[in-house]
Amino acid sequence: MSLRQGSMRYPYFPGCTLKAKARGFETSAVASAGALGVHLDEMENWQCCGATFPLQADNSFPLVSPARTLASARKMGERLVTLCSACYNVLKRTNHVLRTDVGRRDKVNAFIEEDYAGDLEVMHFLEVLRDDVGFDALARSVKTSLGGLAVAPYYGCLLLRPNDELGFDDPEAPHILEDFLSALGCQVVDHPYKIECCGSYVALEPGDLASGPSRMVVESARSRGAQAIVTSCPLCQYNLDVAQQGAHGREQAGVPVIYFTQLLAIALGLPEDVLGFEGHVISPGPLLRCVGVVGSDAIA
Amino acid sequence: MKDLLIASGQDGREKALSRFLAKLLDVGAVDALVVPVEAAPGVITHVLAKDPRLVEEAARPLAPVMPSSAATLVSEVVRKRPSGRVAALLRPCEARALVELVKLKQAAPENVVAIGMDCAGTYDPVAYRQAAGNVDGLEFREACRVCQNPAPLEDGLPGITLGLIGLDDSEGIVMSVHERLDPAVAAVMEELGLASGEGAGRKRREAVQALVQERQEACDAFLKGARRGAATAEGPDPAAPGVSGVPGVPGIGAFARELAACTGCHNCRVACPVCYCRECVFDTDTFEHETGQFLRWAGRKGALKMPSETMLYHLTRMNHMSLSCVGCGQCEQACPAHLPIFRLFAMASRRTQELFGYVPGRSLDDELPFTTFREQELEPR
Amino acid sequence: MRLARDVVRGEEERKLRDISGEEVRSCYQCGKCSAGCAMTSMMDLLPHQVIRLVQLGQVEEALASRTIWLCASCLACSARCPRGVSLPNVMESLRVTMLRPGGRHIDPARLPADVLENAPEQALVAGLRKYS
Amino acid sequence: MFVCWCGLNIGGVVDVPRVVEEISGCPGVARAVDYRYMCSDPGQQLIRDIIREERLDSVVIAACSPGMHESTFQSVAESAGVNPYRCEIANIREQCSWPHQNEPLEATRKAVELIRAAVEKVRGDEALSALSIPVTRRALVIGAGIAGMQAALDIADAGHEVVLVDRLPHIGGHMAQLSETFPTLDCSQCILTPKTSEVGRHPGIRLLTSSEVESVSGYVGNFTVKIRRRATYVNWDLCTGCGLCTEKCPSRTPSAFERGLAEEPAISIAFPQAVPHKPVIRPEACRHFTKGKCGVCEKVCPVGAIDFGQQDSLIEEKVGAIVVATGYDLHPKAKVGEYGYGVYPDVIDGLEFERLNSASGPTQGQIRRPSDGKVPKEVVFIQCVGSRDQENGYPYCSKICCMYTAKHARLYKHKVPDGQPYVFYMDIRAGGKGYEEFVQHATEEEGVLYLRGRVARVFQDGEHVVVFGVDTLSGKKVEIRADMVVLATAIVPASGAKELARVLKTATDEYGFFSEAHPKLRPVESLTRGIYIAGCAQAPKDIPDTVTQAGSSAAKVLTLFSAPRLSHSPTVAAVDEEICTGCGICVEACAYEARALDTRRHVAVVNDVLCEGCGACAVACPNGATRQRNMARSQAMAMIDAVMG
């Protein structure tokens with residue numbers, strides 16, 4: 001499918017984090033989508049996906065909340081677009097359960113008083129960019145050259161695993177973020193830790209335990225020359241960002257961790273008020289100014 | 001395919017068609033013709049005609065009854081390759097049955113000239129006879145009311161198609177000719193110098209389309225209703241414990257009750273245009289049980305339905321025929337007990353035919369599912 | 001370690017199987033899970049060792065391990081497991097064995113203020129569902 | 001009616017005396033007796049005595065599966081004057097006492113029913129006599145690796161002609177690619193070339209290389225085989241193998257024999273010791289074929305042997321037996337994403353390592369890694385890649401990897417004494433003569449470090465390939481910055497094995513390995529009579545096992561050839577022509593091409609010797625015009641009645 005201006009509309013699920021701590025992720029995504037002729041129509045009835053897919057075989061209750069969202073999205077159309085990796089993972093996996101496990105489907109449907117069969121297609125915004133907009137068309141829409149900015153993609157876990165349910169990309173050697181970055185004119189920094197876990201919710205454990213794995217990821221990207229890391233997961237963003245707060249922050253310049261949509265908005269030449277870099281520990285502002293892609297002081 | 005017009009003339013289009021059929025015999029384009037005639041008032045029967053005069057006078061090609069399927073009759077005549085060319089006037093269901101018989105090697109297609117015709121429906125022959133051919137107030141047979149193929153399929157046997165739907169008597173008949181039609185017959189068509197039927201053809205195609213649409217809806221509703229009927233009748237029958245129904249097989253109880261009145265006359269098998277065995281297994285000694293076996297069964301179950309084996313008979317026929325069932329309803333028409341055999345077959349064959357993506361009678365190139373095997377074809381999808 | 005029928009085929013192991021839906025007996029201890037786990041540097045037992053303890057019916061010892069709280073459910077292990085064992089499900093079954101009777105690994109009320117203030121909602125919801 | 005206890009196998013579950021009592025009253029049963037081991041000599045004598053006493057015309061033996069002792073009891077019956085095809089077996093062991101061990105009452109009831117059914121069947125049995133068929137005493141061997149060559153030599157040495165087919169231009173199979181062999185470390189070529197040259201010059205072997213079996217018809221003793229001989233574009237009758245053409249050829253593409261580690265000309269001889277020592281042109285690489293110009297080889301050939309116009313030819317051969325020795329392939333590269341196999345140049349498989357280590361290989365036997373030709377100092381060997389991995393590969397063990405990995409590590413140490421080999425393993429399977437000692441030597445004497453655990457990921461980092469593994473014995477995660485990684489990838493059936501099985505009308509398992517008739521007692525016979533299996537076509541095997549099995553399959557072929565005529569079971573399909581409708585459904589149902597339509601009489605007919613008696617046609621026939629001899633529909637119905645009561 002090629003880029004057809006103003007013709008693509010998708011029901012869209014934002015999720016809690018994008019309405020609070022990761023506002024910039026959403027504002028940059030919605031604005032960029034608009035610039036590309038893609039309308040993300042926020043669903044009216046959405047609730048928290050649960051943030052983590054339940055791994056208990058004997059308890060279907062945690063499926064209820066995402067199932068409600070799915071059933072309600074199905075009434076809007078056949079597809080549902082997500083931005084946050086966790087929402088994508090939880091909604092798509094829940095959808096898979098409802099599609100394939102009749103017993104659990106009946107149980108959940110009975111509880112939410114719906115008759116939802118799992119026939120929605122849960123998509124990630126990256127898939128919309130790749131399949132419906134097209135990376136070629138995206139490259140043609142770039143207004144601000146990123147001038148070879150060296151960017152490391154970071155997938156983490158939630159986009160890729162389990163592959164038999166998500167089918168998002170090659171689980172061991174994914175390339176959608178690389179293709180996306182190339183389309184924006186960035187220099188892609190490949191690094192071995194791009195599919196390793198950042199530590200996820202272990203961040204809540206006392207003693208800064210998640211920062212170990214996170215530092216490995218950052219170090220893996222930084223040592224290969226990355227000037228920035230892109231992600232689509234607010235928790236990855238937080239973990240990688242916070243991990244640089246201590247020693248690393250002082251000894252050497254930190255590597256900003258930003259959402260792929262923020263980079264996209266810059267490339268599309270959108271106003272800086274959609275970027276929402278507030279709250280980032282390692283501010284990307286100085287870097288972006290120094291490579292000349294952002295000029296004003298709207299960036300902290 | 002070009003549309004030509006058989007104009008009605010003063011005595012109506014059936015006569016005009018009869019004259020055309022007679023002409024085929026007259027000039028020797030075909031050697032014989034299978035065609036319905038009126039044998040007595042309201043009594044329609046097929047003949048194998050060689051005399052053109054007889055055809056011109058007595059043929060009733062458009063009589064809205066199907067006393068038996070012409071497919072069976074044609075198969076009898078051309079089972080082995082005949083010495084001459086035989087033309088046959090075929091309703092869509094008859095033509096499709098004949099295609100099935102060709103695939104089952106029960107008819108040699110080479111010398112058959114198929115003259116397919118539109119058929120909006122036929123009446124029960126007994127009712128038609130009692131009304132002496134006056135169809136006012138009669139209703140088409142159930143099989144016809146839900147028939148989704150009122151017009152011949154284009155990929156059937158090579159021949160001629162007669163278009164009637166959407167055209168009234170005065171408007172004549174649209175005739176289209178198959179590309180692979182026998183050249184001798186094609187020459188006659190040429191010689192007749194028929195006018196173009198382009199306008200009538202368009203009108204007919206639109207009418208056919210609308211009718212098919214209507215019938216598809218009718219058929220879906222019919223099957224839905226039939227299934228619901230079967231579903232509500234499921235479960236053990238308290239009135240006849242141990243007699244009807246096999247425990248553990250859902251729906252079999254309902255099936256048994258539908259067929260409870262079967263007298264075992266096997267008329268449905270005789271009337272079926274595709275059921276082709278020279279000697280049916282139910283006419284052999286296969287089901288002759290040892291003396292005492294019936295009494296043992298009766299003793300064990302409390303009572304044994306007699307005649308026995310009627311369920312097995314119908315299940316076997318369904319097993320053998322549901323894939324090739326063209327939905328003509330001849331089985332039900334022939335049943336003295338008025339069992340809903342067509343309805344049962346319609347339910348079963350819809351499922352089995354969908355399973356293999358098979359449309360019986362559509363084309364000689366579609367292989368019979370029984371004769372092909374593909375790995376994984378029956379894996380759950 | 002005492003091994004006997006009531007230990008290796010004990011009630012606790014059966015309960016874990018009901019919760020996790022996983023058959024830990026399939027595991028042949030190749031260690032591919034541990035080899036690919038991002039969190040091992042902080043673990044007292046490697047993931048395959050936790051599975052081994054469950055196989056041996058030593059559930060108490062598995063429950064006492066820090067490993068079960070450090071598993072971040074990233075699925076790197078199960079994605080590569082040659083025997084199709086979903087370790088994250090087993091880890092979850094061990095966690096909920098502790099939590100279902102009302103236990104809490106982390107008390108929401110005692111989370112540090114800077115975490116509460118800065119951590120994304122996703123972390124708080126996911127973490128508290130795993131830990132309390 | 002004879003009931004066997006089979007010791008406790010049947011008698012421990014089924015109440016045999018009660019069965020005898022119940023059966024005694026059945027119509028048609030003259031006498032029912034039981035015995036502890038009916039297959040023993042006294043058991044057989046008992047049957048013979050009672051047949052004579054009672055003047056029986058048929059017998060039913062209730063015992064184990066007919067697969068075990070049907071022929072035993074048939075010949076016992078025959079020796080006492082009963083037609084062997086009126087001897088029926090009721091299987092009350094595999095189909096009764098074994099599966100119903102915990103329900104003795106039900107098992108006893110079922111045994112009675114099974115016997116009653118067999119009694120009903122035997123009452124309808126006709127007295128038949130075996131069919132007799134001639135034997136063609138020539139053999140076809142498919143695949144000319146070590147298995148196929150050994151089988152061909154053994155058969156040919158016994159004085160029977162052999163047609164030996166291989167799809168490659170040369171013989172020798174994978175063994176020709178190996179450098180050294182375990183456990184003796186002798187050079188593979190050195191022990192192979194005596195065999196290849198003997199095959200090449202043996203007067204009893206017709207060698208067809210660059211050839212594939214296209215179709216097989218017929219049956220045991222009488223197969224007709226069509227073989228497609230692919231065009232080589234070189235007239236081998238004229239070619240002297242001087243090699244001038246290969247020297248001058250301007251095209252270079254990756255060599256399959258060298259596993260892509262070296263390039264070869266479009267006209268080439270794969271390796272120096274190749275038999276036949278004649279070149280072939282690969283049209284996909286040849287400039288004459290791809291670009292329409294060139295022809296250098298044609299110009300330089302001193303004998304005018306280049307023939308660009310050469311066409312494939314079809315050869316028809318009549319043989320009595322077939323040996324399948326199609327060998328193996330390795331697990332495809334694309335399927336091991338976590339190890340970067342096929343992506344990182346320094347992650348290679350075992351056969352690639354063999355080529356690196358081979359004196360005639362791309363590095364003349366020096367261990368140099370593919371990416372930059374450096375001598376690797378840290379080499380990681382990973383076992384069980386795709387093997388013992390039901391989720392991402394195959395559940396089975398590839399059997400030879402433990403040994404060849406030990407061999408690789410040792411050979412590496414011989415060539416790079418200051419290098420360090422690491423082996424990630426799960427279990428060491430070294431069950432062969434001298435095998436365990438060979439592995440021990442690697443760890444004790446050669447300093448190979450064995451790490452018990454699997455590797456999760458391999459990734460390229462600069463010029464290193466980093467390996468994330470684990471040592472489960474110490475409970476530590478392991479990271480090795482290696483220079484090269486060698487994967488012991490799973491052995492899988494040769495490509496096209498399933499298709500060949502279809503052509504041969506025999507069976508493979510779910511992976512495509514040819515199925516043997518019995519895993520223990522008939523390991524070299526396929527499920528189709530007259531077709532035998534040797535080597536890795538059946539399952540992963542090392543060279544000694546392969547050679548053993550090849551000899552065994554040759555012995556089976558020679559046994560077949562030693563009989564003057566073969567007998568064929570007469571329990572085949574038959575047609576009642578009176579009621580046959582000639583619809584042809586039976587023809588489609590037959591997997592053995594034993595059914596055909598007689599178009600003149602418009603009825604179906606049976607080719608008795610092709611018919612395997614499987615009954616598929618009899619079931620497909622809608623009205624029972626086709627029946628199975630001694631399994632008529634009336635017999636089947638009587639059996640059902642007997643069981644259902």
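Lettering follows sequence order; numbering is per chain, from 1.
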Handout entry: D:Lys377 atom NZ, neighbour heavy-atom count above 12 within 6.0 Å
Key =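 Buried by this count: over 12 neighbours within 6.0 Å.
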
Handout entry: Residues of residues 453-475 of chain D within contact distance of chain A, non-hydrogen under 4.5 Å
Key =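 From residues 453-475 of chain D, the residues near chain A are D:Arg457, D:Phe459, D:Asp461, D:Phe468.
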
Problem - Selection residues 173-195 of chain A - residue pairs positive for salt bridge (charged side-chain N to carboxylate O under 4.0 Å, His left out), sequence neighbours left out - result: A:Glu178-A:Lys194, A:Asp190-A:Lys194

Exercise for the section: Can you sort out the partners of A:Pro162 under side-chain contact (heavy atoms from CB on, under 4.5 Å), two or more places apart, ordered by chain and number? Expected result: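 With sequence neighbours excluded, A:Pro162 shows a side-chain contact (heavy atoms from CB on, under 4.5 Å) to A:Arg93, A:Asp164, A:Glu165, A:Leu166, C:Leu75, given in chain and number order.
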
Show which side-chain atoms of residues 391-398 of chain D pair as donor or acceptor with protein atoms under 3.5 Å away, not counting sequence neighbours.
unit_1	atom_1	unit_2	atom_2	d
D:Tyr396	OH	D:Ile491	O	2.6
D:Ser398	OG	D:Ser387	OG	2.7
D:Ser398	OG	D:Ile491	N	2.9

